[in-house]
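What follows is a short report on a single structure.
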Amino acid sequence: MKKYITFDLDETLMQNPFSKWVFPEIESLVASHLTLEDGIFPEIRKEHKKRLKEKRDAAAYDWDDILEQILADQKIPLKINIAELVQKHAEDPKVYLLENNALTVLAELKEKGYSLGVVTNGYYKYQYPVMEAIQLAEQIDRVITPCKVGCSKPAMSMADPLLKDGELIAHVGDRLDHDVFFANQLGALSILIDHQMPEELRNIPPEKRAQQKDYLMKIFQRKIYHDLTPKEDYVPKIMIYSIQELMK
């Protein structure tokens with residue numbers, strides 16, 4: 001049986017090109033056709049949230065389908081392929097690892113006998129080109145995405161492909177409602193990574209950082225943009241500020 005350690009991608013291991021490159025290019029392409037004062041991105045976000053509320057979790061992360069629907073609704077005669085834009089912008093310095101030594105840490109985990117997986121709410125067509133561009137793909141054994149399994153985090157069934165041939169030991173991610181809740185439901189070690197952790201918390205052992213409830217609330221408020229309230233299942237077992245701490 002394989003022993004899996006899985007990771008979220010965006011804001012955990014890597015920076016994708018969406019916010020600074022892909023969405024601005026889309027805004028530019030539709031600008032002359034659009035009558036919406038605030039541009040098209042608020043409409044994309046609104047449709048994303050609507051699909052989540054309707055429990056269409058996998059469809060909520062299909063940005064191409066969302067954009068196509070909005071363009072049709074606004075009667076904009078354009079065809080825009082977001083996956084192609086991601087591939088266009090998947091290059092240095094537009095995409096990058098959040099930690100310079102990330103690949104070394106992942107390689108060391110594999111040397112210790114762990115299989116490494118990615119469990120992400122991003123579609124494969126958006127995530128894998130970035131993973132390849134930053135040499136992350138070669139360190140990852142399995143990539144689990146909504147387009148492959150028909151659901152998104154924190155649904156426990158996201159882990160089904162891994163559990164068929166192994167055990168989920170731990171999951172590392174940056175969101176309490178997605179990553180921590182996902183791991184806790186499965187009985188895996190939930191590891192919250194917070195690259196912005198203040199120095200005073202870094203001096204506390206990783207397993208005791210989660211007891212800092214005021215700081216956990218700040219993280220929750222920083223990451224959550226849809227209507228949820230904190231609960232016990234969102235509390236991580238361990239908090240780290242760098243994946244280097246996984247080696248301790």
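Rounded to the nearest 0.5 Å, atoms CG (N121) and CG (D8) are 7.5 Å apart. Note that OG of S152 and CZ of R51 are 12.5 Å apart. Values are rounded to the nearest 0.5 Å. With values rounded to the nearest 0.5 angstrom, T104 atom OG1 is found 10.0 Å from E111 atom CD. We find the CD-CE distance between E108 and M247 to be 4.5 Å, quoted to the nearest 0.5 Å. Remark: R175 CZ to Y234 OH distance equals 9.5 Å, nearest 0.5 Å. Rounded to the nearest 0.5 angstrom, W63 CH2 and L85 CG are separated by 14.5 Å.
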Applying salt bridge (charged side-chain N to carboxylate O under 4.0 Å, His left out), run through K46 and D38 and close with a yes or a no.
CA-CA 12 Å; K46 185 194 303 181; D38 295 329; over 6 Å; no

Intermediate values then yes/no, side chain to side chain contact (heavy atoms under 4.5 Å, CB included), Y4 and R142:
CA-CA 9 Å; Y4 283 104; R142 300 289 296 276; 3.4 Å; yes

Output, in order, the C-alpha distance, side-chain angles, deciding distance and verdict of side chain to side chain contact (heavy atoms under 4.5 Å, CB included) for Q74 and I40.
CA-CA 10 Å; Q74 296 295 321; I40 201 167; over 6 Å; no

Please determine whether salt bridge (charged side-chain N to carboxylate O under 4.0 Å, His left out) holds for the pair E245 and K248, giving the CA-CA distance in whole Å, both sets of side-chain angles, and the decisive distance to 0.1 Å.
CA-CA 5 Å; E245 290 194 284; K248 293 181 180 180; 3.6 Å; yes

Full working for side chain to side chain contact (heavy atoms under 4.5 Å, CB included) between C147 and K125:
CA-CA 9 Å; C147 53; K125 61 184 177 180; over 6 Å; no

Pair I238-I240, side chain to side chain contact (heavy atoms under 4.5 Å, CB included): steps then yes or no
CA-CA 7 Å; I238 292 176; I240 61 176; 3.8 Å; yes

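When atom types are taken as modelled, the side chain of D179 and the backbone of D174 share a donor-acceptor pair closer than 3.5 angstrom. Using a distance-only test at 3.5 Å, with no hydrogens or angles considered, no donor-acceptor pair links the side chain of S190 to the main chain of A183. The backbone N or O of K2 sits nowhere less than 3.5 Å from a side-chain atom of E167 that would complete a donor-acceptor pair. Distance alone, capped at 3.5 Å, places no donor-acceptor pair between the K237 side chain and the E207 backbone. Listed for the R202 side chain is a donor-acceptor partner under 3.5 Å among the backbone atoms of M197.
Residues F7 and H171 keep their aromatic ring centres 6.0 Å or farther apart. Remark: aromatic rings of H48 and Y61 are close, center separation under 6.0 Å.
Residues V143 and L98 fall into different hydrophobic clusters, defined by Ile, Leu, Val, Met, Phe, Trp and Tyr side chains chained together at heavy-atom separations under 4.5 Å. Y114 and L163 are not part of a single hydrophobic cluster, where members link through side-chain heavy atoms under 4.5 Å apart. V235 and L186 fall into different hydrophobic clusters, where Ile, Leu, Val, Met, Phe, Trp and Tyr residues are linked whenever their side-chain heavy atoms come under 4.5 Å apart, directly or through other members. Linking Ile, Leu, Val, Met, Phe, Trp and Tyr residues whenever their side-chain heavy atoms come within less than 4.5 Å places V95 and I26 in a single cluster. L71 and L29 end up in the same hydrophobic cluster when Ile, Leu, Val, Met, Phe, Trp and Tyr side chains are linked at under 4.5 Å.
Contact record, Y123 with A58: OH-O, 2.8 Å, taken as the closest heavy-atom pair. Of all heavy-atom pairs between A90 and A133, the closest is O-CB, 3.4 Å. Between E27 and G39 the shortest heavy-atom distance is OE1-CA, 3.6 Å. Scanning both residues, L246 and I191, for their nearest heavy atoms gives CD2-CD1, 3.8 Å. Between P154 and F182, the shortest heavy-atom distance links the atoms O-CD1, 3.9 Å. In this structure, Y215 and P198 approach most closely via the heavy-atom pair OH-CD, 3.2 Å.
R56 and D65 are not joined by a salt bridge, as no carboxylate oxygen comes within less than 4.0 angstrom of a charged side-chain nitrogen. Using a 4.0 Å cut-off between a side-chain N of Lys or Arg and a carboxylate O of Asp or Glu, E84 and K88 do not qualify as a salt bridge. Ion pairing of R209 with D194 is absent here, as no side-chain N (NZ or NE/NH1/NH2) approaches a carboxylate O to less than 4.0 Å. A salt bridge links K110 to D141: one of the charged nitrogens lies within less than 4.0 Å of a carboxylate oxygen.
Between the side chains of D64 and Y126, at least one donor-acceptor pair of N or O atoms lies under 3.5 Å. Side chains of D233 and Q185: a donor-acceptor N/O pair is absent below 3.5 angstrom, by distance only. With hydrogens and angles left out, the side-chain atoms of H89 and E25 include a donor and acceptor closer than 3.5 Å. For Q127 and D10, the side-chain atoms include at least one donor-acceptor pair closer than 3.5 Å. For the residue pair N16/Y96, the side-chain donor-acceptor check at 3.5 Å is not satisfied.
At a threshold of 4.5 Å between non-hydrogen side-chain atoms, the residues L176 and P236 count as touching. Between Y124 and K148 there is a side-chain heavy-atom pair separated by less than 4.5 Å. Between E99 and L97 there is no side-chain heavy-atom pair separated by less than 4.5 Å. With a 4.5 Å cut-off on side-chain heavy atoms, Y241 and I193 do not count as touching. With a 4.5 Å cut-off on side-chain heavy atoms, I169 and L189 do not count as touching. Here the side chains of E47 and E43 are not in contact, with every heavy-atom distance at 4.5 Å or above. Between Q15 and S19 there is a side-chain heavy-atom pair separated by less than 4.5 Å. Between I66 and D62 the shortest side-chain heavy-atom distance does not fall below 4.5 Å.
For the side chain to side chain contact (heavy atoms under 4.5 Å, CB included) test with I144, the passing option among T120, V118, T6, V149 is V149; the others fail.
Under a cut-off of 6.0 angstrom, the local environment of CG in N100 is sparse, with at most 12 non-hydrogen atoms contributed by other residues, nucleotides or ligands.
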